[in-house]
Chemist: 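Below are the structure tokens for one structure; questions will follow.
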Amino acid sequence: MTLTGFKLDLSRYKSPSRRYFSRPTLTVAEALLGSYVRHESPDGIVGGMIVEAEGYLHTEPGCHAFNGETNRNRAMFGPPGHVYTYFTYGNHWMFNIVTEKEGCGCAVLIRALEPVEGIDQMWSRRPKARREIDLANGPGKLAAALNLSRDQYGWDLLDSKLSVLVPPAGYRKRIIKAYGGVVTTSRIGLGENKAAGLPYRYYLKEHPYVSVRIKRGKG
DNA sequence: GAGACGATTTTCT
DNA sequence: GAAAATCGTCTCG
């Protein structure tokens, strides 16, 4: 039983195929809600259910790949289902999943999750958190809680210590319903001239572990 | 090699 | 609600 009352049955989750990640970025971003991220880190397994994600398309300036390939964003141009991590604001790592065809430059930012496995380890990696809800309700917090950083850059989610597991369709529908459906809004933290208004953010409406609830856009 | 900036978090008012 | 903290990456010279 999780803190939110919904009984998450991890045994029903399975590894997706490569095709799961090669679909359109926004499709993947929404599909990842209710999915599970699991990291078999050296200090133990940590994992949780994704409750918030954002899509980034190479065609819009909010995306790191908008201006082409660089040393930093190279992983975004790799095969789908691989990991793109980057460092920002002097302190924080962000965890992204590459989508669409290889060479596309598209990805999904995982912004929040509900801790399920390895919660003790998450507490140790998030010493400033006061409540369990604060362990991973933001992209920087999430990466810290899951022990993700430069080390995971370019990893394959289908063949590494870091993986995504997806629930059966019917079970996923129950999850979505349990949390009041999916909300679509504009993305968080983008400058005004960086396609800030595009509705590429998705989260579980009533889930308490979502990072930010007030932002313009539909929903 | 210098300067500007950021897909954030935390603390203080 | 405002602002500091903090440093890798990119751009330009």
Side-chain angles (χ1 to χ4, degrees), chain A residues 21 24-30 32-33 37 48 50-78 80 82-100 104-115 122-154 164 183-204 208-217 219:
Chain A
F21 298 107
T25 301
L26 300 182
T27 300
V28 178
E30 181 169 5
L32 283 170
L33 300 182
V37 186
I50 297 172
V51 301
E52 178 181 350
E54 290 177 348
Y56 286 87
L57 311 185
H58 73 285
T59 50
E60 43 93 5
C63 180
H64 286 171
F66 181 62
N67 290 318
E69 187 172 328
T70 67
N71 221 26
R72 178 204 206 190
N73 67 20
R74 183 148 299 132
M76 291 185 82
F77 293 86
H82 283 235
V83 175
Y84 168 47
T85 53
Y86 70 90
F87 185 78
T88 192
Y89 290 110
N91 279 312
H92 311 294
W93 286 92
M94 305 286 137
F95 168 47
N96 299 257
I97 298 174
V98 179
T99 56
E100 306 206 20
C104 175
C106 299
V108 172
L109 170 70
I110 309 302
R111 288 190 54 91
L113 63 75
E114 174 178 333
M122 294 188 194
W123 276 111
S124 70
R125 300 207 173 275
R126 294 270 307 123
K128 291 181 178 173
R130 297 299 181 98
R131 309 167 298 169
E132 182 168 317
I133 204 175
D134 295 319
L135 287 176
N137 61 344
K141 301 175 188 177
L142 182 152
L146 290 181
N147 197 9
L148 303 178
S149 64
R150 174 186 300 275
D151 292 346
Q152 284 71 37
Y153 189 92
V164 164
V183 174
T184 304
T185 74
S186 53
R187 295 171 297 187
I188 304 298
L190 296 187
E192 282 307 311
N193 50 354
K194 289 210 173 177
L198 295 173
Y200 292 174
R201 172 173 179 248
Y202 304 88
Y203 66 84
L204 296 179
Y209 290 66
V210 167
S211 67
V212 181
R213 286 180 189 281
I214 307 163
K215 193 71 180 180
R216 68 175 184 278

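Order of the sequence lines sets the chain letters (A, B, ...), proteins ahead of strands, with each chain counted from 1.
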Chemist: Is there a side-chain contact between A/Val108 and A/Glu54 in this structure, where contact means two heavy atoms from C-beta onward sitting under 4.5 Å apart?
Modeler: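 Counting from C-beta outward, A/Val108 and A/Glu54 never come under 4.5 Å.
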Chemist: When Watson-Crick pairs (N1 to N3 and N6-O4 or O6-N4) and G-U wobble pairs (N1-O2 and O6-N3) count only below 3.5 Å on both distances, what is the dot-bracket string of DNA chain B, with | for other-strand pairs?
Modeler: ||||||.|||||.
Chemist: Report the distance from atom CG of A/Leu142 to atom P of B/dA7, rounded to the nearest whole Å.
Modeler: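 Rounded to whole Å, this separation is 17 Å.
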Chemist: Does the pair A/His58 and A/Phe66 meet the rule for a ring-ring contact (aromatic ring centres under 6.0 Å, His included), with working shown?
Modeler: CA-CA 5 Å; A/His58 73 285; A/Phe66 181 62; 8.8 Å; no
Chemist: In this structure, how many angstroms lie between the C1' atom of B/dA7 and the CG atom of A/Leu198, rounded?
Modeler: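 Those two atoms, CG and C1', are 13 Å apart.
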Chemist: So A/Val83 and A/Phe95, side-chain contact (heavy atoms from CB on, under 4.5 Å) or not? Walk me through it.
Modeler: CA-CA 7 Å; A/Val83 175; A/Phe95 168 47; 3.8 Å; yes
Chemist: With distance as the sole criterion, do the side chain of A/Tyr89 and the base of C/dA5 form a donor-acceptor contact below 3.5 Å?
Modeler: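 Counting by modelled atom types and ignoring angles, no donor-acceptor contact under 3.5 Å is found here.
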Chemist: Report the C-alpha separation of A/Thr85 and A/Gln152 in whole Å, then their side-chain angles, then the decisive distance to 0.1 Å, and conclude whether the side chain to side chain donor-acceptor pair (under 3.5 Å) test is met.
Modeler: CA-CA 7 Å; A/Thr85 53; A/Gln152 284 71 37; over 6 Å; no
Chemist: When you measure from the side chain of A/Asn91, which nucleotide among B/dA7, B/dT11, C/dT6 comes out closest?
Modeler: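 Out of B/dA7, B/dT11, C/dT6, the nucleotide with an atom closest to A/Asn91's side chain is C/dT6.
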Chemist: Counting just side-chain N and O atoms, does A/Arg150 come under 4.0 Å of either OP1 or OP2 of C/dT9?
Modeler: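 Indeed, a polar side-chain atom of A/Arg150 lies that close.
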Chemist: Rounded to whole Å, please give me the gap between NE2 in A/His64 and P in C/dT11.
Modeler: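 From A/His64 NE2 to C/dT11 P: 12 Å.
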Chemist: So A/Asn96, base contact, sugar-phosphate only, or nothing? Heavy-atom distance under 4.0 Å.
Modeler: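 Base, at least one base atom sits under 4.0 Å.
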Chemist: Ignoring the backbone of A/Phe87, work out which of B/dT10, C/dA5, C/dC7 is nearest its side chain.
Modeler: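 Per side-chain heavy atoms of A/Phe87, the pick is C/dC7.
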Chemist: List in chain and number order the residues that pass side chain to side chain contact (heavy atoms under 4.5 Å, CB included) with A/Thr59, two or more places apart in sequence or in another chain; answer none if no residue qualifies.
Modeler: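 Checked A/Thr59 against side chain to side chain contact (heavy atoms under 4.5 Å, CB included); matches are A/Leu57.
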Chemist: Measure from the side chain of A/Arg72, starting at C-beta and using heavy atoms only, and say which of C/dC10, C/dT6, B/dA7 lies closest.
Modeler: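 Looking only at heavy atoms from C-beta outward on A/Arg72, the closest nucleotide is C/dC10.
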Chemist: Rounded to the nearest angstrom, tell me the gap between atom CG in A/Asn137 and atom P in B/dA7.
Modeler: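 Between P of B/dA7 and CG of A/Asn137: 19 Å.
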Chemist: C/dT6 phosphate, OP1 or OP2: any side-chain N/O from A/His92 under 4.0 angstrom?
Modeler: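 Looking at the OP1 and OP2 atoms of C/dT6, neither is under 4.0 Å from any side-chain N or O of A/His92.
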Chemist: May I have the distance from A/Met76 (atom CE) to C/dT9 (atom C1'), rounded to whole angstrom?
Modeler: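 It works out to 15 Å between those atoms.
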Chemist: Applying a 4.0 Å non-hydrogen cut-off, can you work out what A/Gly191 is touching in the nucleic acid: base, sugar-phosphate, or nothing?
Modeler: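 The answer is nothing, as A/Gly191 stays clear of every strand by at least 4.0 Å.
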Chemist: Counting side-chain heavy atoms from C-beta on, which of C/dA5, B/dT9, B/dA7 comes nearest to A/Arg126?
Modeler: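 Out of C/dA5, B/dT9, B/dA7, the nucleotide with an atom closest to A/Arg126's side chain is B/dT9.
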Chemist: Side-chain N or O of A/Thr88 versus OP1/OP2 of B/dT8: is the shortest distance under 4.0 Å?
Modeler: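 For A/Thr88, the contact criterion (side-chain N or O under 4.0 Å from OP1 or OP2 of B/dT8) is not met.
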Chemist: Rounded to the nearest angstrom, tell me the gap between atom NZ in A/Lys194 and atom C1' in B/dA7.
Modeler: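 For the pair A/Lys194 NZ and B/dA7 C1', the rounded distance is 9 Å.
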Chemist: Taking all non-hydrogen atoms of both residues, which atom of A/Cys106 and which atom of A/Thr25 are closest, and how far apart?
Modeler: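 Looking at all heavy atoms of both residues, the closest pair is CB-OG1, 3.2 Å.
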Chemist: Is the charged tip of A/Arg187 near the ring of A/Tyr56: under 6.0 Å from the six-membered ring centre and within 45° of its axis?
Modeler: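 Positive - A/Arg187 is close enough to the ring of A/Tyr56 and near enough to its axis.
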Chemist: Between C/dT11 atom P and A/Asn67 atom CG, what is the distance in whole Å?
Modeler: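 Taking atom P of C/dT11 as the reference, CG of A/Asn67 is at 7 Å.
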Chemist: Expressed as a whole number of angstroms, how long is the span from A/Phe95:CZ to B/dA7:P?
Modeler: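 So the two atoms are 18 Å apart, to the nearest Å.
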Chemist: Hey, are the side chains of A/Phe87 and A/Arg150 touching, using non-hydrogen atoms and a 4.5 Å cut-off?
Modeler: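 Answer no - side chains too far apart.
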